[in-house]
Visitor: 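Below are the structure tokens for one structure; questions will follow.
Lettering follows sequence order; numbering is per chain, from 1. Predicted, not measured: the structure shown is a model, and the values here were computed from it.
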Amino acid sequence: MAFEKIRGTYDLLPEDSLFFYKLKKDIEKIFELSGFYYVESAILQPVEIFKRSIGSESDIVKKEMFEVVSNSQSIVLKAEETAPLMAGLSEKKILESSVFTKFFYFTKVFRHERPQKGRFREFYQYGCESIGDFNKFMDGEVIELGKRILNHFKVSHSLHINSIGCNVCRKPYLDNLKDYLRKEKDNLCDDCKRRVETNPLRVFDCKNEKCKKVTSAGPKILDNLCDDCKNDFEGLKDFLNINGIDFIVDPNIVRGLDYYEKSVFEFVETGGKLGSQSTLIGGGRYRYKKDEIFKNEITGVGFAGGVERLILSIPEDVKKNFVDFSSLDIFIVHFGGETFKKGVELLKMLRENGIKSEISFSEGRINKLLSLASKKKAKYVIIIGEDELSKGKISLKDMKTSLQKEISINLEDLLKEIKNGD
RNA sequence: GUGAGUGUAGUUCAAUUGGUUAGAGCUCUGGAUUGUGGUUCCAGCCGUUGGGGGUUCGAGUCCCCUCACUCACCCCA
């Protein structure tokens with residue numbers, strides 16, 4: 001092979017593409033049913049959007065951005081969907097709309113990380129954003145949607161929730177935590193020594209036993225929430241309980257990006273299909289402060305899920321069932337000449353009536369063509385030969401039962417036969 | 001970015017301590033069957049052994065470089 005694929009990328013080809021296509025349509029449908037509207041930001045973005053929102057100290061901004069060579073501006077491939085969307089949505093007119101407050105997307109995202117199971121450099125995220133200040137119904141609806149998608153594809157999972165406070169209580173807590181961790185620095189692993197300054201909450205996520213000991217003895221964010229945040233968190237838990245959604249309060253859920261506040265949550269895969277990248281969906285509540293990029297302050301709640309991770313988590317038999325939907329209703333077999341003309345006429349009629357149908361591109365060798373119809377999973381085959389044509393009829397073969405009958409060339413008769421067969 | 005492992009037909013895997021012409025199942029193509037698919041039987045196609053360099057009389061096998069994949073760290077979806 002002259003050219004190797006670019007690392008961390010892949011092409012969507014049959015049969016993977018068939019399932020992907022179906023999955024995308026199903027996810028979109030689920031969002032639509034809850035009143036969410038489709039949106040998608042540009043792939044090319046100014047780097048500032050990500051620096052301002054997810055933090056210039058985050059790994060994503062520091063080392064995972066794909067830069068585009070361009071003569072003037074600093075352009076990157078989007079590393080995330082929420083920030084670019086918020087930049088656009090922060091326009092006053094859209095914000096003031098009482099109709100357009102809930103959005104969903106299904107889009108490509110780029111991050112220059114070392115690929116591994118469930119992690120790519122060019123990949124898809126699906127997700128949603130619900131704009132507005134904290135409201136347990138809003139946060140609950142978003143969480144419920146995440147769960148609905150996972151349930152739709154029969155993915156085994158658990159929901160972890162936490163609150164990381166707001167701009168009132170978060171800052172004092174973080175300062176407090178930093179002070180504590182600095183004192184305990186000698187008892188932390190090398191990674192965590194670094195994290196104390198860059199992202200102290202992340203220390204809670206460390207797998208190292210020594211670090212766990214330090215965090216378990218240190219200040220907890222849930223004990224340091226302001227009254228507002230405390231009430232909001234309790235409200236959300238009530239809502240989830242009332243709706244029968246199981247959850248685990250997990251102080252280790254901290255989210256990596258700067259813009260999060262209050263409710264944060266993760267859906268984690270529990271079937272052992274994902275390896276170490278087991279987060280299926282990550283999300284929470286966020287606040288974008290007004291500046292040159294975000295035209296007005298904007299708050300909301302949303303989540304993002306990795307499509308490739310979702311696909312990896314879906315049981316094989318479930319995948320198979322979804323792809324079978326792409327079978328063919330009718331395959332038309334002809335023998336050239338007049339029989340072909342009649343076939344084309346029929347084909348047009350069938351398609352205009354919403355029946356998924358194809359005609360053979362070659363003629364004769366009926367055993368080959370039936371074999372092809374079989375592989376295409378055609379439910380019926382219409383055979384148009386000289387015999388049939390001379391009688392003004394066609395043969396309709398039911399591929400499941402092998403039964404075949406001659407019927408007149410007439411759309412209504414044909415539709416009736418197909419209906420009976422179902 | 002760091003570490004470890006892997007790379008052989010379309011695919012799943014073979015190939016003795018380095019030894020002749022790199023094999024097999026499935027898939028695919030053709031035939032048995034030129035108007036009847038799935039089953040069966042027969043036949044056939046398919047490889048620069050990821051790429052490049054080196055050691056050797058001889059390399060799929062050993063060494064170096066490179067690329068890709070896999071797993072983990074890190075980070076996150």
Side-chain angles (χ1 to χ4, degrees), chain A residues 1-10 13-15 54-55 57-64 79-82 105-127 146 149 189-192 194-195 198-199 202 205-208 253-257 260 265-269 274-283 302-313 331 333-335 339 360 363-378 380-388 395-404 406:
Chain A
M1 229 178 282
F3 288 96
E4 301 278 2
K5 211 171 289 162
I6 302 295
R7 175 175 282 195
T9 68
Y10 64 95
L13 303 171
E15 302 187 9
I54 60 190
E57 280 308 301
S58 70
D59 277 14
I60 291 179
V61 169
K62 275 170 91 177
K63 47 191 190 192
E64 294 174 7
E80 200 250 349
E81 183 66 355
T82 306
Y105 56 84
F106 192 108
T107 190
K108 273 196 169 166
V109 176
F110 304 82
R111 285 183 201 170
H112 194 109
E113 296 180 279
R114 192 76 169 262
Q116 71 185 74
K117 192 170 198 175
R119 189 163 82 180
F120 298 85
R121 287 183 172 180
E122 175 175 347
F123 62 104
Y124 286 91
Q125 285 189 344
Y126 61 96
I149 289 168
C189 69
D190 289 346
D191 283 324
C192 283
R194 179 176 50 79
R195 285 193 269 234
T198 58
N199 195 349
R202 271 264 156 231
D205 224 2
C206 189
K207 286 152 196 155
N208 190 306
I253 300 295
V254 295
R255 308 276 78 228
L257 317 181
Y260 283 109
F265 58 90
E266 265 180 32
F267 285 95
V268 176
E269 201 268 343
L274 274 188
S276 71
Q277 307 300 320
S278 58
T279 303
L280 286 161
I281 288 175
F303 70 72
V307 173
E308 291 79 3
R309 285 185 193 178
L310 175 62
I311 290 172
L312 280 171
S313 310
F331 188 72
V333 170
H334 62 87
F335 295 86
T339 65
S360 69
E363 54 203 57
R365 289 316 308 247
I366 195 161
N367 52 344
K368 296 250 154 50
L369 295 176
L370 281 172
S371 167
L372 182 59
S374 209
K375 283 176 196 159
K376 281 177 180 279
K377 293 177 183 164
Y380 294 92
V381 170
I382 287 176
I383 301 165
I384 311 171
E386 303 295 344
D387 296 356
E388 285 90 347
S395 292
L396 180 71
K397 183 180 173 83
D398 182 328
M399 293 299 276
K400 207 164 195 176
T401 62
S402 293
L403 295 178
Q404 182 172 329
E406 282 193 357

Visitor: Using a 4.0 Å heavy-atom cut-off, does A:Glu386 contact any base of the nucleic acid, only the sugar-phosphate backbone, or nothing at all?
Guide: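 Since a base atom lies under 4.0 Å of A:Glu386, the category is base.
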Visitor: Remember a base hit wins even if backbone is also touched, and classify A:Gly146 as base, sugar-phosphate or nothing at under 4.0 Å, heavy atoms.
Guide: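 No contact.
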Visitor: Distances under 3.5 Å only, N/O to N/O: pair up the protein atoms with those of nucleotides 72-74 of chain B.
Guide:
residue : atom : partner  : partner atom : Å
B:A72   : OP1  : A:Ser276 : N            : 3.0
B:A72   : OP2  : A:Gln116 : NE2          : 3.2
B:C73   : OP1  : A:Lys207 : NZ           : 3.2
B:C73   : OP2  : A:Ser276 : OG           : 2.8
B:C73   : N4   : A:Arg119 : NH2          : 3.0
B:C74   : N3   : A:Arg119 : NH1          : 2.9
B:C74   : N3   : A:Arg119 : NH2          : 3.4
B:C74   : N4   : A:Gln116 : OE1          : 3.4
B:C74   : N4   : A:Arg119 : NH1          : 2.8
B:C74   : N4   : A:Gln277 : NE2          : 2.9

Visitor: Would you mind classifying the nucleic acid contact of A:Phe120 as base, sugar-phosphate or nothing, using non-hydrogen atoms under 4.0 angstrom?
Guide: base
Visitor: Checking all strands, does A:Lys397 fall into the base, sugar-phosphate, or nothing category for heavy-atom contacts under 4.0 angstrom?
Guide: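 Counting heavy atoms under 4.0 Å across all strands, the contact made by A:Lys397 includes a base.
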Visitor: Using atom P of each nucleotide, how far apart are B:G7 and B:U49 to the nearest Å?
Guide: 15 Å
Visitor: If you measure from the Lys or Arg side-chain nitrogens to the Asp or Glu carboxylate oxygens, is any gap between A:Arg309 and A:Glu269 under 4.0 Å?
Guide: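 No, this pair does not count.
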Visitor: Any base atoms under 4.0 Å from A:Ala304, or only sugar-phosphate, or nothing? Heavy atoms, all strands.
Guide: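 Sugar-phosphate contact only - A:Ala304 comes under 4.0 Å of backbone atoms but never of a base.
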Visitor: Go through the N and O atoms of the side chain of A:Ser402 and the base of B:G37, and report whether any donor-acceptor pair is under 3.5 Å.
Guide: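 Yes, the side chain and the base share a sub-3.5 Å donor-acceptor pair.
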Visitor: Looking at CD of A:Gln125 and CZ of A:Phe303, how far apart are the two atoms once the value is rounded to the nearest 0.5 Å?
Guide: 11.0 Å
Visitor: Give A:Leu310 one of three labels, base, sugar-phosphate or nothing, depending on what nucleic acid heavy atoms sit under 4.0 Å from its own.
Guide: nothing
Visitor: What nucleic acid atoms does A:Tyr124 come within less than 4.0 Å of, heavy atoms only: base, sugar-phosphate, or nothing?
Guide: nothing
Visitor: May I ask you to say what A:Glu388 touches in the nucleic acid, namely base, sugar-phosphate or nothing, with a heavy-atom cut-off under 4.0 Å?
Guide: base
Visitor: Just checking A:Ser374: base, sugar-phosphate only, or nothing, at a heavy-atom cut-off of under 4.0 Å?
Guide: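 Base contact.
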Visitor: Reckon A:Gly282 touches a base, only the sugar-phosphate, or nothing at all at heavy-atom distances under 4.0 Å?
Guide: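 Contact class for A:Gly282: sugar-phosphate only.
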Visitor: Distance alone, cut at 3.5 Å: any donor-acceptor contact between the side chains of A:Glu388 and A:Ser395?
Guide: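 Side-chain D/A pair, A:Glu388 to A:Ser395: present.
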Visitor: Tell me whether A:Arg111 contacts the main-chain N or O of A:Ile60 through its side chain, where contact means a donor paired with an acceptor under 3.5 Å.
Guide: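 Not a single qualifying donor-acceptor pair exists.
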